[in-house]
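Report on one structure; see the data block that follows.
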Amino acid sequence: MRILFMGTPELAAVTLRAIDEKEGTEIVGVVTRPDKPKGRGMKMLASPVKEYAEAHGIPVYQPKTLRGGAFDEDLRALDPELIVVAAYGNILPHEVLVYPKYGCVNAHGSLLPKYRGASPIQRAILDGERETGITAMYMDDGLDTGDIIEKYPCPILETDDCGTLTERLAKLAGEAMCDVIDRIEAGTVTRTPQPEEGASYAAKIEKEDTVLDFGESARDLVNRIRALHPSPCAATTLPDGSPLKITAARAVDDDSDAEPGTILAADGKGTGGITVRCGEGALFVTGLIPAGKKNMTAGDFVRGRRVSPGDRWGI
RNA sequence: CGCGGGGUAGAGCAGUCUGGUAGCUCGUCGGGCUCAUAACCCGGAGGUCAUGUGGUUCAAAUCCCUUCCCCGCAA
């Protein structure tokens with residue numbers, strides 16, 4: 001089957017690999033977002049999907065937009081029978097959606113209709129959900145509103161953060177898309193309209209979403225830290241005003257009457273831990289990234305004498 | 001040339017402004033104490049202070065310059 005793949009981040013690259021390695025499929029091309037200047041010195045950075053495609057000799061297309069017929073000529077030349085989309089990041093116009101014989105299918109990182117939109121995985125963890133998954137669906141003109149082919153559930157573990165969960169969902173997305181391709185070839189694919197009930201929108205993560213407010217409960221703060229790890233990471237500020245990213249922490253009981261944000265204890269033995277008073281309970285921080293430094297344990301941070309009980313964070 | 005921080009013992013840091021025999025908290029190794037211990041006490045090993053036959057100097061981790069690498073912010 002001639003397949004055109006559209007996607008951008010790591011999750012999409014993993015899905016692409018699964019389809020590419022599947023028997024009977026031919027990836028005729030890959031559409032991914034244009035390289036953009038990124039990081040120090042504004043160096044150009046290619047998407048994971050582009051890297052995979054180039055390493056495997058698959059033609060890469062990076063149109064700024066698919067709208068207005070900008071991609072029509074390439075689309076006709078590639079003549080795909082099916083378009084598979086995974087976290088592409090751009091809107092697909094109607095004429096593209098209806099072009100392939102078998103349509104456009106998408107792997108979305110949530111159990112639709114919940115968490116439609118840009119950041120379903122992060123939002124699910126942020127909300128403390130216990131389960132999420134991949135939804136295989138036909139795309140329509142709306143934002144993740146198309147008919148559902150199949151849902152593939154996946155539990156969210158206590159120990160999961162966005163990185164580990166995304167890894168599992170990526171693998172699942174690959175399996176899901178292979179499954180869908182099998183069904184299409186066998187003619188057994190079905191489509192079920194999404195119920196409106198339970199629909200929600202997972203907005204893109206913005207900078208303000210990364211700020212830790214110690215007035216919240218320790219439990220919510222832990223979810224925020226998990227949801228944003230390993231990137232961009234939840235952060236607070238040190239007494240000197242410099243930013244501090246928190247990479248790992250757990251909630252602990254505490255009934256002291258200290259102000260939220262107060263350091264209750266700083267243990268520098270071994271892995272160590274820094275206990276921070278929250279609106280409810282306390283946050284036991286075990287991993288962090290100071291400005292200009294790499295990820296380190298709380299113990300390392302304490303040993304460097306950069307925190308002591310009584311300090312306030314996040315002011 | 002987007003703004004900025006940093007590279008000192010296995011780890012995290014101080015020392016750099018005000019040049020003058022390399023220090024702290026840990027880890028590690030050995031010994032002691034203890035019913036016992038990740039606790040405590042004693043002792044030891046471990047660093048060409050990123051790079052350069054670089055510059056200045058009586059003397060450079062420290063001042064000046066080169067190159068490489070790491071990271072935060074902003075996009």
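In what follows, every chain begins at residue 1, and chains take the letters A, B, ... in the order their sequences are listed.
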Please give, in whole Å, the distance from [N] [atom2] to [X] [atom1]?
X	N	atom1	atom2	value
A/L238	B/C13	CG	P	12 Å
A/E206	B/A74	CD	P	12 Å
A/M296	B/U25	CE	C1'	14 Å
A/D300	B/A11	CG	P	10 Å
A/F301	B/G72	CZ	C1'	14 Å
A/I274	B/U25	CD1	C1'	14 Å
A/D240	B/A14	CG	P	11 Å
A/R306	B/G6	CZ	C1'	10 Å

Report task. Test side chain to side chain donor-acceptor pair (under 3.5 Å) on A/Y152 and A/D179 and set out the steps. Result -> CA-CA 11 Å; A/Y152 305 82; A/D179 182 29; 2.6 Å; yes
Check: residues 14-27 of chain A side-chain donor-acceptor pairs under 3.5 Å, at least two apart:
{"residue": "A/T15", "atom": "OG1", "partner": "A/L11", "partner atom": "O", "Å": "2.9"}
{"residue": "A/R17", "atom": "NH1", "partner": "A/E21", "partner atom": "OE2", "Å": "3.3"}
{"residue": "A/D20", "atom": "OD2", "partner": "A/Y52", "partner atom": "OH", "Å": "2.7"}
{"residue": "A/K22", "atom": "NZ", "partner": "A/D182", "partner atom": "OD1", "Å": "2.6"}
{"residue": "A/K22", "atom": "NZ", "partner": "A/D182", "partner atom": "OD2", "Å": "3.4"}
{"residue": "A/T25", "atom": "OG1", "partner": "A/I19", "partner atom": "O", "Å": "2.6"}
{"residue": "A/T25", "atom": "OG1", "partner": "A/K22", "partner atom": "O", "Å": "3.0"}

Requested in this report: Provide the full list of salt bridge (charged side-chain N to carboxylate O under 4.0 Å, His left out) pairs with a residue in residues 184-194 of chain A, sequence neighbours left out, each pair given once.
Outcome: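 Passing the test, one end in residues 184-194 of chain A: A/D147-A/R191.
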Query raised in the report: So which pairs with a foot in residues 257-278 of chain A pass salt bridge (charged side-chain N to carboxylate O under 4.0 Å, His left out), sequence neighbours left out?
Result: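 The answer is A/D254-A/R277.
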Mind checking the [atom1] distance from [N] to [M]? Whole angstroms is fine.
N	M	atom1	answer
B/U48	B/A9	C1'	13 Å
B/G4	B/A39	C1'	43 Å
B/U62	B/G7	P	12 Å
B/C65	B/U56	P	15 Å
B/G46	B/G52	P	23 Å
B/G44	B/C63	C1'	37 Å
B/C33	B/C49	P	41 Å
B/U28	B/C71	C1'	28 Å

Restricting both atoms to N or O, compile the protein contacts to nucleotides 22-24 of chain B shorter than 3.5 Å, with distance only.
{"residue": "B/C24", "atom": "O2'", "partner": "A/R305", "partner atom": "NH2", "Å": "3.4"}

Query raised in the report: Under 6.0 Å from the CD1 atom of A/I91, do we count more than 12 heavy atoms belonging to anything else shown?
Result: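 Check fails, neighbour count at 12 or below.
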Requested in this report: With sequence neighbours excluded, tell me which residues meet ring-ring contact (aromatic ring centres under 6.0 Å, His included) with A/F301.
Outcome: none
Would you please name every residue forming a side chain to side chain donor-acceptor pair (under 3.5 Å) with [X], sequence neighbours left out?
X	result
A/T164	A/D160
A/T132	none
A/Y115	A/D127, A/E129
A/K245	none

Query raised in the report: Any chance the side chains of A/T8 and A/S47 put a donor and an acceptor closer than 3.5 Å?
Result: no
Using the 3.5 Å cut-off, write out each protein N or O paired with an N or O of nucleotides 36-43 of chain B and the distance between them.
none

Go ahead and name the base partner of [N]; Watson-Crick or wobble counts if both distances stay under 3.5 Å, otherwise write none.
N	answer
B/C40	B/G32
B/G72	B/C3
B/A11	B/U25

Query - Contact list for residues 53-73 of chain A, test side chain to side chain donor-acceptor pair (under 3.5 Å), sequence neighbours left out - result: A/D35-A/Q62, A/K50-A/Q62
Which pairs, protein N/O on one side and nucleotides 67-71 of chain B N/O on the other, fall under 3.5 Å?
{"residue": "B/C71", "atom": "O2'", "partner": "A/K293", "partner atom": "N", "Å": "3.2"}
{"residue": "B/C71", "atom": "O2'", "partner": "A/K293", "partner atom": "O", "Å": "3.1"}
{"residue": "B/C71", "atom": "N4", "partner": "A/R40", "partner atom": "NE", "Å": "3.1"}

Query raised in the report: Does A/K101 pair with A/E81 as a salt bridge, N-O distance under 4.0 Å?
Result: yes
